[in-house]
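Quick note on labels: first sequence line is chain A, next is B, and so on, each numbered from 1.
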Amino acid sequence: MAEERKESLNFIEQIIEEDIKSGRNNGKILTRFPPEPNGYLHIGHAKAICINFETALKYGGSTNLRFDDTNPTTEDTEYVESIQEDIRWLGFVWKGEPLYASDYFGQLYDFAVKLIKKGLAYVDDSTPEEIANMKGTPSEPGKDSPYKSRSVDENLELFERMKNGEFEDGSRVLRANVNMASPNMLMRDPIIYRIKKEHHHRTGDVWCIYPMYDFAHGQSDSIEGITHSLCSLEFIHHRPLYDWFIEKLEIFPSRQKEFARMNVEYMITSKRKLLKLVNDGLVNGWDDPRMPTISGMRRRGYPAQAIRVFCDKAGVAKRENTIEINLLEACVREELNKTAIRAMVVLDPVKVIITNYPEDKTEDLTADNNPEDPNAGNRVLTFGRELYIEREDFMENAPPKYFRMTTGADVRLKNAYILHCTGVDKDAEDNIQTIYATYYADSKSGEDVSGIKPKGTLHWVSATDALSCEIRMYDRLFTVPDPTFDENIDFLEFYNNESLKILNHAKMESSLKNSMPGTQYQFLRQGYFCTDADSTPGHIVFNRTVGLKESFSKEVRK
RNA sequence: UGACCCAUGGUGUAAUGGUAACACUCCGGUUUUUGGUACCGUCAUUCUAGGUUCGAGUCCUAGUGGGUCAACCA
């Protein structure tokens, strides 16, 4: 008998379930993701994408992708492509072809004419300054424009002439006739059409007037039959206007519901600030692995599934929130632990010579590709007399709980033998040059009869077989969780100069020689890494996605 | 001197008038040929004051605190 588990719903799902129960729209659910094609998608968009697509999916509905391209000045086809790529990469499928608000310019124009005929819109000849001055302030009502009382016929004629290009940019606008005394600034006769004699990325030079957001978004929702228009909280003041247009135009009643957008520690989503990072060369482009862009996270090695799980776990509500970066990293590790191929790479190598191992001998050893996944198979490692281990895995005068290599002690080499450290060579500056050890021939992995149980296990590579590679160690972009917490301090003050450290002397096991860009690995005891697109056949580059959880370093800090 | 939205552990999110829970973090432990994983455990929560009610995190009022709104941007 299945235990009945009460599943908790977020407030949007509750609304939808009530709608379904009451038979609204015959239970049909259609959402939309409406990006403006004027920039790259970031973590905040990922959240909006997840909410819109997953909510629809959950209730057997679907989601439209609609480009909100009503401002020809800022928009470009370049972004139309990257946005689609990012959504697909996240694993979502929109309904049919991508849609464009610009496809509705004709209908939108007709809607405006309808409004004029109902006496609900008028052409205003005021200058932008005059309009701003008449707008009032949040605590003072606005004043009616002297043009508000124009006749329907005159408005009709002027609006048509605006469309025909008879007037200069900025000389006239079409405004909705709502209420200049409304406490809601957006209801104070909002501008709904402006003159812009500019080339549009899709409609070319057909139009020289373009609708504003408020006169395009809701109507586009309505035209498409969107049932639930899910957007972030800052649009809440637009809702009365959204509803007003639908009511006056007598069109399909889409409804807007607002959720709080998601903030994440150490990430910023301001387009202006991200652009600043790019322009100042503090990151290497929009897809730099430190960037909170979807393309950046992809290059960093964050799996799409991890980002989706993260957005789910962050939840949906209406209060301001900042999600800890810990949660994102936990989701990334959880996913990668299941899927990433294991490999051994020594980031900061120091040589070990096994003095009782024959000089000309090598052995093939087998290693699991992923202990979490029996189907991942295994691979061959070459073992020999000379190896590299991690410099930090050796300590001459080790503290009691140090389980790694130290003189006189035993330590296991992963998938290989147990070593007994016998001594070291140092240079004039006291730096360790070479570590000497003996091995226990009967301690081979899988057939160990030595009876020795070392506390620690180290990763290693064969000195003769290993290949050099480049490792890019990425860390958080900022030194504080919220670099914008004080508007008087430039956020670049908190740029983390150590957000990227390049290691040029790392040694990788030879199985990684032909690694393809995008492949994700767990480098044993180091973290998760992925092959970067900058890799060439003779020079493999790895990005550190995220480190492993590390309890030893915490121990040391005590 | 306006309107609107919000307030639950460190961080998020549930609890839909009836025992405040889940995840992540932190801390501790067991297992481990990754100081990883897995598993177990500990600490810790309803902004304040009134009111309604047998009973309030939930409903009402006021206060406090936070956020948002005055682009021919979206």
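Separating the NZ atom of A:K21 from the C1' atom of B:rU16 is a distance of 11 Å, rounded to the nearest angstrom. The nearest whole Å value for the distance from the CG atom in A:L365 to the P atom in B:rU34 is 16 Å. As rounded to whole Å, 10 Å separates atom P of B:rC39 from atom CD of A:E372. Rounding to whole angstrom units, CD1 of residue A:I236 and P of B:rC5 are separated by 6 Å.
In this structure, A:K338 does not reach the B:rU37 phosphate: none of its side-chain N or O atoms is under 4.0 Å from OP1 or OP2. Side-chain nitrogen and oxygen atoms of A:R525 include at least one within less than 4.0 Å of the OP1 or OP2 phosphate oxygen of B:rG35. OP1 or OP2 of B:rA15 lies within a sub-4.0 Å distance of a side-chain N or O belonging to A:Q14.
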>> So if I define the base as every atom that isn't primed, P, OP1 or OP2, how would nucleotides 69-74 of chain B read as a B/S/- string at a heavy-atom cutoff under 4.0 Å?
In response: SB-BSB
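For the pair A:D189 and A:K148, the salt-bridge criterion is met [side-chain N within less than 4.0 Å of a carboxylate O]. Contact check on A:R202 versus A:D103 returns a salt bridge, with a Lys/Arg side-chain nitrogen under 4.0 Å from an Asp/Glu carboxylate oxygen.
In this structure, CG on A:L158 lies 14.0 Å from NZ on A:K163, to the nearest 0.5 angstrom. The structure places OG of A:S229 at 11.0 Å from CZ of A:R239, a figure rounded to the nearest 0.5 Å.
Base engagement by A:L524 is indicated by at least one non-hydrogen atom pair under 4.0 Å involving a base atom. A:R342 comes within 4.0 angstrom of a base, heavy atoms only. When heavy atoms are screened at a 4.0 angstrom cut-off, A:K414 is found touching base atoms of the nucleic acid.
Each of A:L548 and A:A317 was assigned the nucleotide of RNA chain B with the nearest heavy atom; the assignment lying further toward the 5' end belongs to A:A317. Where A:F403 and A:V316 each meet RNA chain B at their nearest nucleotide, the meeting point lying more 5' is that of A:V316.
Taking only distance into account, the side chain of A:R404 meets the base of B:rG35 through a donor-acceptor pair shorter than 3.5 Å. Taking only distance into account, the side chain of A:Q522 meets the base of B:rU34 through a donor-acceptor pair shorter than 3.5 Å. Side-chain atoms of A:E324 and base atoms of B:rG10 include a donor and an acceptor less than 3.5 Å apart.
Stem analysis of RNA chain B (at least three stacked-register Watson-Crick or G-U pairs, each with both distances under 3.5 Å) gives B:2-7 with B:64-69, B:10-13 with B:21-24, B:27-30 with B:38-41, B:47-51 with B:59-63.
For the 3.5 Å distance criterion, the side chains of A:H238 and A:Q256 fail to qualify, holding no donor opposite an acceptor.
Comparing the same atom, C1', in B:rC39 and in B:rG55 gives a spacing of 40 Å after rounding to whole Å.
The closest side-chain heavy-atom distance from A:F383 to A:S462 is not below 4.5 Å.
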